[in-house]
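Report on the structure given below.
Within every chain, numbering begins at 1; the chains are lettered A, B, ... in the order of the sequence lines, protein sequences first and strands thereafter. Given the structure is predicted, the values throughout are model-derived calculations rather than measurements. These values consider heavy atoms only, across backbone and side chains, with no hydrogens, waters or symmetry-generated copies.
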Protein chains: 2
Amino acid sequence: MVVLELSEQDVNRLFRALADATRRDIVCRTLVADVSVSQLADSYSMSFAAVQKHVAVLEEARLVAKEPRGRERMVRGNLDRIRQAQRLLDSFEELWRSRIDRLDILLAEDEPAPPDS
Amino acid sequence: MVVLELSEQDVNRLFRALADATRRDIVCRTLVADVSVSQLADSYSMSFAAVQKHVAVLEEARLVAKEPRGRERMVRGNLDRIRQAQRLLDSFEELWRSRIDRLDILLAEDEPAPPDS
DNA sequence: ATATCATACAATCAAATGGTTGTATTAGAA
DNA sequence: TTCTAATACAACCATTTGATTGTATGATAT
């Protein structure tokens, strides 16, 4: 099993990259098929350069990778990164569960559970 | 089962809110215990107002809710929102899987699979 | 009643973000 | 070779973000 080795900065970049509808759409499209930057650019009502920048943000977050193919760059989504994000969210859930566990222990004590103090 | 009813804006806010280490820490802490805004503020090397703003961002993203308790506001993490984020990431994974399925169908054809065209 | 603690909120500011246009480079097509 | 399509990248601009300080309000404690 691969250890989750992400710096806080990496996590910031990861979630930030996902916090934009155009970028999420790019991730979707590049997960289901190989697409070039110019093909992507044709789909959105913004300049080529703007799309290029969105791809760059996704690339820094390692949510996609670019691979040269002739004179164009094919963009491919990186599912592993998505899974890392999922594991991060899982850890929140585990924290929450640990709280419930502690509450259960309190409730199981001989003495009645003290109110939150 | 609850339908995932989030606008693009909601999703933007959700991921954006998670794209900051202080805010993620606040979510963690408020998932495991009830904490007031001032208790939170004591933990970070920034002004009370700055922490207040982080909490406000989390609140707009509905990752936490504030509940008045006497003169202080208790902040409580909202696990449902985390789970919604998880479901969003799941949908990426499903998209990817659909691609694999389509590739499998191609490979199962009589004719040898054509190269990506 | 008064002092204090917890919060709310406005004004301000530097830096980052998301977009633009323009110019340069590079690879394929004619 | 020459033209063109795909990309790279710089400069610029408006808006948002993340922080600050200062002031006001409300609830507790003395």
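Here A:Met74 sits alone; no ILVMFWY side chain lies under 4.5 Å from its own, so it joins no hydrophobic cluster. Within the hydrophobic cluster formed by Ile, Leu, Val, Met, Phe, Trp and Tyr side chains joined at under 4.5 Å, directly or through other members, A:Leu95 is accompanied by B:Val32.
Within residues 38-47 of chain B, the residues approaching DNA chain D are B:Met46, B:Ser47, by heavy-atom distance under 4.0 Å. Within residues 57-67 of chain B, the residues approaching DNA chain C are B:Lys66, by heavy-atom distance under 4.0 Å.
The side chain to side chain contact (heavy atoms under 4.5 Å, CB included) test applied to A:Ser47 returns A:Ala49, A:Ala50, not counting sequence neighbours. With sequence neighbours excluded, no residue forms a side chain to side chain contact (heavy atoms under 4.5 Å, CB included) with A:Ser45. With sequence neighbours left out, B:Ala21 forms a side chain to side chain contact (heavy atoms under 4.5 Å, CB included) with A:Glu8, A:Asn12, B:Arg24. B:Ser38 pairs by the side chain to side chain contact (heavy atoms under 4.5 Å, CB included) definition with B:Ser36, B:Phe48, B:Glu72, not counting sequence neighbours. Listed by chain and number, the residues in a side chain to side chain donor-acceptor pair (under 3.5 Å) with B:Asp80 amount to none (sequence neighbours excluded).
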What donor-acceptor contacts under 3.5 angstrom involve side-chain atoms of residues 53-66 of chain B, with partners at least two apart or in another chain?
| unit_1 | atom_1 | unit_2 | atom_2 | d |
| --- | --- | --- | --- | --- |
| B:His54 | ND1 | B:Arg23 | NH1 | 3.2 |

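The phosphate of C:dA6 (OP1 or OP2) has no side-chain N or O of B:Arg69 nearer than 4.0 angstrom.
For DNA chain D, the contact window with chain B, defined by any atom under 4.0 Å from a protein heavy atom, covers D:dT17 to D:dT28 in 5' to 3' order.
For B:Asp25 (side chain) and B:Thr22 (main-chain N/O), no donor-acceptor pair under 3.5 Å exists by modelled atom type.
Of the candidate nucleotides C:dA8, C:dG18, C:dT4, C:dT4 has the atom lying nearest to any side-chain atom of B:Arg71.
In this structure, B:Arg81 fails the cation-pi test against A:Trp96, since its NZ or CZ atom is not both closer than 6.0 Å to the six-membered ring centre and inside 45 degrees of the ring normal.
Side-chain contact check for A:Gln84 and A:Asp10: no donor-acceptor pair (N or O, by modelled atom type) lies under 3.5 Å.
Nearest approach of A:Leu18 to B:Phe15, heavy atoms of both residues: O-CD1, 3.5 Å.
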Extract from the structure each pairing of a protein N or O with an N or O of nucleotides 9-17 of chain C at less than 3.5 Å, listing the distance.
none

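Where A:Asp20 and A:Gly70 each meet DNA chain C at their nearest nucleotide, the meeting point lying more 5' is that of A:Asp20.
With contacts defined as side-chain heavy-atom distances shorter than 4.5 Å, the pair A:Val75/A:Asp34 does not qualify.
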